[in-house]
Amino acid sequence: MFVKGTLKKAGILLTLAVLPFLFGYVIVSFIMFSLIAFLMQFFRDPNRKIPYNGGLIVAPADGRILKGKIDRVKTVHYADPLMEHILSPGGKGILISTFMSPFDVHVNRAPISGKIVKTQHYPGKFKIAMRNVLTENEKNLIVIDSEYGKVGVIQIAGFVARRIVQYVEVGDQVKTGDRLGMIRFGSRVDLIIPYENTELMVTEGKKPTAGETIIAQMRKKS
């Protein structure tokens, strides 16, 4: 499966790629066909087997190919950048950051069911997303209010990724695994979950599958 509109655009490009071949420019056609195939893999959108058990948080992004992986797990606090939109004053959470290689699926999914209570786009730079670029790079914040607490997803653009696409709006109800948006040509996705009443089930180095890999188990506060 592909992102909506991909096949139509690919059809137009394929038609154009045939023209040089008809005029004898075989190498030009070969290069164009190779480029089209390369671009189409960026817009893959495969179905996923979503676990729906209550309180499960699933991976919002793929990090499976080449250097793609969860490469940062750390504790964050209310005073840290953007955390005031997710955490309670004086509170803390767990940040799980997934680096998406250019060859990973770039569609991002809801880590938990709930209501979209905030979205905000932040313009910024396009530095290589292998470092801590949360405060500098262009990014998009999505906050989901679940029955277990607020969960944040931050889509971060990188050197290759130049456009973040958001599929949801404030007020929307989403289910675990629903598509939230995509970062075209990949980059990094930060997931912020509550610190209390949460059992983390991944470590750095894990290669997650969006919508399938279980990141944590949350429990309702007593």
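Note on Leu191 and Val174: same hydrophobic cluster, where clusters join Ile, Leu, Val, Met, Phe, Trp and Tyr whose side-chain heavy atoms are under 4.5 Å apart, directly or indirectly. Hydrophobic clustering, with ILVMFWY side chains joined whenever heavy atoms are under 4.5 angstrom apart, groups Leu200 together with Val151. Cluster membership for Ile50 and Ile214, using ILVMFWY side-chain heavy atoms within less than 4.5 angstrom, is not shared. The hydrophobic cluster containing Tyr148 also contains Tyr195, counting ILVMFWY residues as joined when their side-chain heavy atoms lie under 4.5 angstrom apart, directly or transitively. In the hydrophobic clustering of this structure, Ile144 does not group with Leu56; members are Ile, Leu, Val, Met, Phe, Trp, Tyr whose side-chain heavy atoms approach within less than 4.5 Å, directly or through other members.
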>> salt bridge (charged side-chain N to carboxylate O under 4.0 Å, His left out) for Asp80 and Lys92? Distances and angles first, verdict last.
In response: CA-CA 9 Å; Asp80 291 330; Lys92 58 183 178 179; over 6 Å; no
> Yes or no on side-chain hydrogen bond (donor to acceptor under 3.5 Å, both in side chains) for Gln120 and Asn140, after CA distance, side-chain angles and deciding distance?
Replying inline: CA-CA 6 Å; Gln120 189 166 340; Asn140 191 63; over 6 Å; no
>> Is there a side chain to side chain contact (heavy atoms under 4.5 Å, CB included) between Met100 and His106? Walk through the geometry before answering.
In response: CA-CA 8 Å; Met100 304 163 59; His106 309 305; 3.8 Å; yes
> How far apart are the C-alpha atoms of Arg72 and Asp190, what are their side-chain angles, what is the distance that settles it, and do they pass the salt bridge (charged side-chain N to carboxylate O under 4.0 Å, His left out) test?
Replying inline: CA-CA 9 Å; Arg72 187 178 300 117; Asp190 285 356; 5.0 Å; no
> Run the salt bridge (charged side-chain N to carboxylate O under 4.0 Å, His left out) check on Glu199 and Arg219 step by step: do they pass?
Replying inline: CA-CA 8 Å; Glu199 180 185 357; Arg219 297 178 178 83; 3.2 Å; yes
>> Evaluate Leu82 against Tyr122 for side chain to side chain contact (heavy atoms under 4.5 Å, CB included), listing each step before the verdict.
In response: CA-CA 10 Å; Leu82 305 185; Tyr122 299 86; 3.5 Å; yes
> Where do Ser97 and Asp71 land on the side chain to side chain contact (heavy atoms under 4.5 Å, CB included) test, with the steps shown first?
Replying inline: CA-CA 6 Å; Ser97 188; Asp71 61 1; 4.2 Å; yes
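Inter-residue side-chain proximity for Asp45 and Arg179 is flagged as met; some heavy-atom pair is nearer than 4.5 Å. Proximity of Leu180 to Val153: side-chain heavy atoms (C-beta onward) are separated by under 4.5 Å at one or more points. Between Arg188 and Lys139 there is no side-chain heavy-atom pair separated by less than 4.5 Å. No side-chain heavy atom of Lys150 sits under 4.5 Å from any side-chain heavy atom of Pro194. Side chains of Pro111 and Thr176 form no contact here, defined as non-hydrogen atoms less than 4.5 Å apart. The closest side-chain heavy-atom distance from Pro51 to Val58 is below 4.5 Å. Contact annotation: the side chain of Tyr167 approaches that of Met182 to within less than 4.5 Å [non-hydrogen atoms, C-beta and beyond]. Side-chain contact check for Ser113 versus Asp178: every heavy-atom pair is 4.5 Å or farther apart.
Proximity of a side-chain donor or acceptor of Ser88 to a complementary backbone N or O of Gly91 within less than 3.5 Å is not detected.
Remark: Lys206 NZ is loosely packed, at most 12 non-hydrogen atoms of other residues, nucleotides or ligands lying under 6.0 Å away.
Here the shortest heavy-atom pairing between Ala210 and Val107 reads CB-O, 4.3 Å. The two residues Glu169 and Ile116 have their closest heavy-atom pair at O-CB, 3.4 Å. Taking every heavy atom of both residues into account, Ile112 and Ser146 meet most closely at CD1-OG, 3.8 Å. Taking each heavy atom of Ile164 and Glu138 in turn, the nearest pair found is CD1-O, 3.9 Å. A pairwise comparison of heavy atoms in Thr119 and Val170 identifies N-CG2, 3.7 Å as the closest pair. Contact record, Phe99 with Asp104: O-OD2, 4.4 Å, taken as the closest heavy-atom pair.
Distance CG/Asn108 to OG/Ser187: 10.0 Å, rounded to 0.5 Å. Rounding to the nearest 0.5 Å places OG of Ser101 at 5.5 Å from CD1 of Ile65. With values rounded to the nearest 0.5 angstrom, Glu84 atom CD is found 14.5 Å from His77 atom NE2. Interatomic distance, CG of Asp172 versus CD1 of Ile142, reported as 10.0 Å (0.5 Å rounding). The CD1 atom of Ile193 lies 4.0 Å from the CD1 atom of Ile96; values are rounded to the nearest 0.5 Å. In this structure, CG in Asp62 is found 9.0 Å from OG1 in Thr98, a value given to the nearest 0.5 Å.
In summary, Lys118 and Asp145 do not engage in a salt bridge, as defined by a charged side-chain N under 4.0 Å from a carboxylate O.
Arg48 and Thr209 share no side-chain donor-acceptor pair at under 3.5 Å. At a cut-off of 3.5 Å, with distance as the only test, no side-chain donor of His121 or Gln166 sits close to an acceptor on the other residue.
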